[in-house]
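Quick note: residue numbers are just sequence positions, from 1.
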Amino acid sequence: MSVVEQYARAHIVKDTDVTVLEERGAVPVVLRYDPDIDPRAVRIGLPGPHEWTFSRSLLEQGLRVPAGNGEVRVWPCGRVQAVVEFHSAQGVEVVQFESKALLRFLRRTYIAAAQPVAH
């Protein structure tokens, strides 16, 4: 099975920020899926050393209806955006994506998972 790595742009705000989300510029975010490590998980790498791993099904469900599990929550935001919220001891980070980027990533993960293993 092959690793999927996709770059996306997102708006990020921390709970300590006073700037409105829309006033901030988009930053590069890395979406990763490695079925050899865990075929049920995806990773989102934020700028700096921050990387979150959570259920691929949570991401998929959260694009349709609000969903959450522990430290990660995902929900649709209007027709073209989705929000992923990460909770940690350091605070809360809210990341706003274009839904189509997350859908494209999910589609690629299912294709990668369906590929036969080469021997």
Side-chain angles (χ1 to χ4, degrees):
M1 292 187 255
S2 59
V3 174
V4 174
E5 185 170 281
Q6 177 178 312
Y7 294 87
R9 297 200 54 79
H11 293 275
I12 299 175
V13 65
K14 295 183 180 186
D15 60 353
T16 56
D17 287 344
V18 294
T19 306
V20 177
L21 189 65
E22 287 77 19
E23 293 175 357
R24 307 221 20 183
V27 297
V29 175
V30 181
L31 309 170
R32 290 188 182 97
Y33 173 73
D34 188 341
D36 293 331
I37 293 176
D38 185 349
R40 295 176 308 261
V42 294
R43 295 180 290 162
I44 294 181
L46 303 178
H50 309 292
E51 184 170 86
W52 294 83
T53 301
F54 59 98
S55 164
R56 178 171 62 166
S57 62
L58 172 63
L59 180 59
E60 184 176 18
Q61 180 183 6
L63 291 175
R64 295 185 312 269
V65 296
N69 186 6
E71 300 172 335
V72 180
R73 296 183 181 99
V74 183
W75 66 89
C77 181
R79 291 184 175 186
V80 297
Q81 295 180 331
V83 172
V84 183
E85 184 178 273
F86 301 104
H87 295 256
S88 72
Q90 291 75 37
V92 178
E93 289 186 285
V94 177
V95 184
Q96 187 175 27
F97 291 91
E98 286 191 19
S99 297
K100 66 182 178 183
L102 297 176
L103 288 167
R104 183 172 40 253
F105 171 67
L106 281 172
R107 188 170 35 254
R108 291 180 64 207
T109 69
Y110 285 110
I111 291 168
Q115 292 176 351
V117 178
H119 294 277

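Using modelled atom types, no side-chain atom of E51 and backbone atom of V30 make a donor-acceptor pair closer than 3.5 Å. One N or O on the side chain of Y33 and one on the backbone of P39 form a donor-acceptor pair closer than 3.5 Å.
Taking every heavy atom of both residues into account, S99 and A82 meet most closely at OG-N, 3.5 Å. For the pair A8 and A101, the tightest heavy-atom approach, listed with the atom from each and the gap, is CB-CB, 4.3 Å. Across all their heavy atoms, A26 and H11 have their closest contact at N-CE1, 3.7 Å. Nearest approach of E85 to H87, heavy atoms of both residues: OE2-NE2, 2.6 Å.
Checking V83, V84, L103 one by one against F97, the side chain to side chain contact (heavy atoms under 4.5 Å, CB included) holds for a single residue, V84.
Between L58 and V72 the shortest side-chain heavy-atom distance falls below 4.5 Å. A 4.5 Å side-chain heavy-atom check between L106 and R56 finds at least one atom pair inside the cut-off. For the pair W52 and E93, the minimum side-chain heavy-atom distance is below 4.5 Å.
Remark: Q90 CD to H50 NE2 distance equals 8.0 Å, nearest 0.5 Å. The structure places CD of E71 at 9.5 Å from CZ of R73, a figure rounded to the nearest 0.5 Å. To the nearest 0.5 angstrom, R43 atom CZ is 5.0 Å from I37 atom CD1. Here the straight-line distance linking atom CH2 of W75 with atom CD of Q61 works out to 14.0 Å at 0.5 Å rounding. Note that CZ of R32 and CZ of F105 are 9.5 Å apart. Values are rounded to the nearest 0.5 Å. Distance OG1/T53 to CG/D38: 8.5 Å, rounded to 0.5 Å.
For E98, the CD atom is loosely surrounded, since the number of other residues' heavy atoms within 6.0 Å does not exceed 12.
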Practice problem: I would like to know whether L63 and L102 meet side-chain contact (heavy atoms from CB on, under 4.5 Å); could you show each step before the answer? | Solution: CA-CA 8 Å; L63 291 175; L102 297 176; 3.8 Å; yes
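L46 and Y7 are not part of a single hydrophobic cluster, where members link through side-chain heavy atoms under 4.5 Å apart.
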